[in-house]
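As structure tokens, the structure follows; a few thoughts come after it.
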Amino acid sequence: MSGVLDTVTDLLWEANVNRTRMPFVREFIADDDVDSAYEIQRRIVQRKIASGRTRVGRKVGLTNPLVQAKAGVHEPDYGTIMNDMVFHDGVVFDPKDYVKPKIEAEVAFALKKDLHAWDIPTIEDAIDYIAPAFELVDCHYENYGMKIVDTIADNAACAGIILGARQPYGKVDLRDVRLSLTRDGVEITSGVGSNVMGNPINAIAWLARTACEQDVPLQAGELLLPGSIGLIMDFDFGPLYRADITGVGSVTARFAEE
């Protein structure tokens, strides 16, 4: 199996570096071999660190039950956010830097304390701030028909995070916040905070537990994405995308014309 993991890691690393496509990981490992998929992700992260980048956060994916059913899984997965994947409100991306980008809107969390437990009071005590955010989604396969091992290995399809203005945690009930995501002013998806595992904080609890179980606990300063409030949308070149989340704020991003 080590040889197979070496091969897949090399293929995925080449796809990352050259922004190209590769066969699904499930063509190399069993489509339910989650441990091997996370090992591939860890190896890619190690190569990124060796190239001078640093880990600054994690993202949770597959928090929507409908998406889980489509992928044939019963729980979320997570990816790793590196320092060169963090952007801010109003960013304009270059199309040549991505393969098949998509976008989703959520509430980002930042930690001020390490997390070695995952009960809600401990997590809430560790939160530094929240912010409206986009996740820039991308994958290195021929299409988005991924199974769980495909998405985990390819960093849970996370290519970046776009942050709006910081807000204190606790001013609004995140279960009730409402999202409106627009494309050049026309709404293309909406949702409520409870779409994310009942409450986005529950996704952070899942992440904290999983990170501890994998001996990579969440650390002070990390940025955390709990999952999309609305649907994942195509991120077309040219239009302005704006997410408004009640009580949290707004964030914008776009791609330059191709």
Side-chain angles (χ1 to χ4, degrees), residues 54-64 75-83 85-91 103-137 156 158 160-181 189-213 216-230 232 241-253:
T54 56
R55 188 186 74 202
V56 297
R58 323 288 169 94
K59 63 132 313 178
V60 185
L62 297 174
T63 55
N64 187 309
E75 68 173 9
D77 65 356
Y78 79 84
T80 306
I81 302 169
M82 309 302 289
N83 64 306
M85 296 166 60
V86 180
F87 307 94
H88 296 280
D89 184 35
V91 63
I103 195 168
E104 60 185 47
E106 45 201 284
V107 177
F109 293 74
L111 296 181
K112 61 185 177 183
K113 298 180 181 179
D114 296 351
L115 274 179
H116 297 281
W118 47 88
D119 60 282
I120 298 300
T122 298
I123 292 170
E124 292 185 325
D125 184 59
I127 296 171
D128 188 10
Y129 62 87
I130 60 174
F134 280 129
E135 180 184 347
L136 174 56
V137 177
C158 182
I161 173 176
I162 304 108
L163 293 171
R166 300 179 180 187
Q167 303 291 337
Y169 175 75
K171 289 183 65 176
V172 295
D173 188 335
L174 293 180
R175 295 172 297 182
D176 298 331
V177 298
R178 294 189 173 274
L179 161 73
S180 175
L181 173 55
T189 189
S190 60
V192 295
S194 58
N195 288 347
V196 185
M197 299 180 70
N199 186 331
I201 198 73
N202 293 333
I204 302 302
W206 177 90
L207 179 61
R209 175 178 61 81
T210 303
C212 286
E213 289 173 348
V216 283
L218 303 179
Q219 298 178 329
E222 285 204 60
L223 296 166
L224 310 176
L225 290 178
S228 182
I229 297 174
I232 301 172
Y241 288 75
R242 177 185 173 110
D244 290 284
I245 303 174
T246 57
V248 180
S250 64
V251 60
T252 64

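Minimum heavy-atom separation, Y169 to E124: OH-OE2, 2.7 Å. The shortest heavy-atom contact between I130 and F109 is CG2-CD2, 3.8 Å. In terms of heavy atoms, E104 sits closest to G227 at OE2-C, 4.4 Å. Closest non-hydrogen pair, P226 versus V196, comes out as O-CG1, 3.4 Å. Taking each heavy atom of D114 and A220 in turn, the nearest pair found is OD1-N, 2.8 Å. Considering all non-hydrogen atoms of both residues, A105 and A243 come closest at CB-CB, 3.7 Å.
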Could you please spell out the steps behind the side-chain contact (heavy atoms from CB on, under 4.5 Å) verdict for V192 and L179?
CA-CA 6 Å; V192 295; L179 161 73; over 6 Å; no
With side-chain contact (heavy atoms from CB on, under 4.5 Å) as the test, would you mind laying out the steps for I161 and E135 before giving the verdict?
CA-CA 5 Å; I161 173 176; E135 180 184 347; 5.9 Å; no
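The main-chain N or O of Q219 is found under 3.5 Å from a side-chain atom of E222 such that the two form a donor-acceptor pair. Under a 3.5 Å cut-off, the side chain of K59 and the backbone N or O of A156 do form a donor-acceptor pair. A donor-acceptor pair under 3.5 Å is absent between the side-chain atoms of E106 and the main chain of A133, judged by distance alone.
Each of L218, T210, I81 was compared with R58 under the side chain to side chain contact (heavy atoms under 4.5 Å, CB included) criterion, and only L218 meets it.
Rounded to the nearest 0.5 Å, atoms CZ (R175) and OG (S194) are 9.0 Å apart. In this structure, the separation between SG on C212 and NE2 on H116 is 7.0 Å, given to the nearest 0.5 Å. To the nearest 0.5 angstrom, N202 atom CG is 8.5 Å from I123 atom CD1. To the nearest 0.5 angstrom, N199 atom CG is 6.0 Å from L174 atom CG. Atom CG of L181 is separated from atom CD1 of I232 by 11.5 Å, given to the nearest 0.5 angstrom. Atom CD1 of I245 is separated from atom OG of S250 by 9.0 Å, given to the nearest 0.5 angstrom.
More than 12 heavy-atom neighbours from other residues, nucleotides or ligands sit within 6.0 angstrom of CZ on R55. Other residues, nucleotides and ligands contribute only 12 or fewer heavy atoms inside 6.0 Å of the CZ atom of R178.
Residues L224 and L207 form a side-chain contact, since some pair of their non-hydrogen atoms from C-beta on lies under 4.5 Å apart. Between I127 and I201 there is a side-chain heavy-atom pair separated by less than 4.5 Å. At least one side-chain heavy atom of W206 sits under 4.5 Å from a side-chain heavy atom of Y78. The shortest distance between side-chain heavy atoms of V107 and I229 falls below 4.5 Å. The closest side-chain heavy-atom distance from T246 to V248 is not below 4.5 Å. Using a 4.5 Å heavy-atom threshold, the side chains of V86 and L223 count as touching.
Residues meeting the salt bridge (charged side-chain N to carboxylate O under 4.0 Å, His left out) test with R166, sequence neighbours left out: none.
For the residue pair Q167/Y129, the side-chain donor-acceptor check at 3.5 Å is not satisfied. For the residue pair T122 and D119, a side-chain donor N or O sits within less than 3.5 Å of a side-chain acceptor on the partner. Counted by atom type alone, D89 and T252 present one or more donor-acceptor pairs between their side chains at under 3.5 Å.
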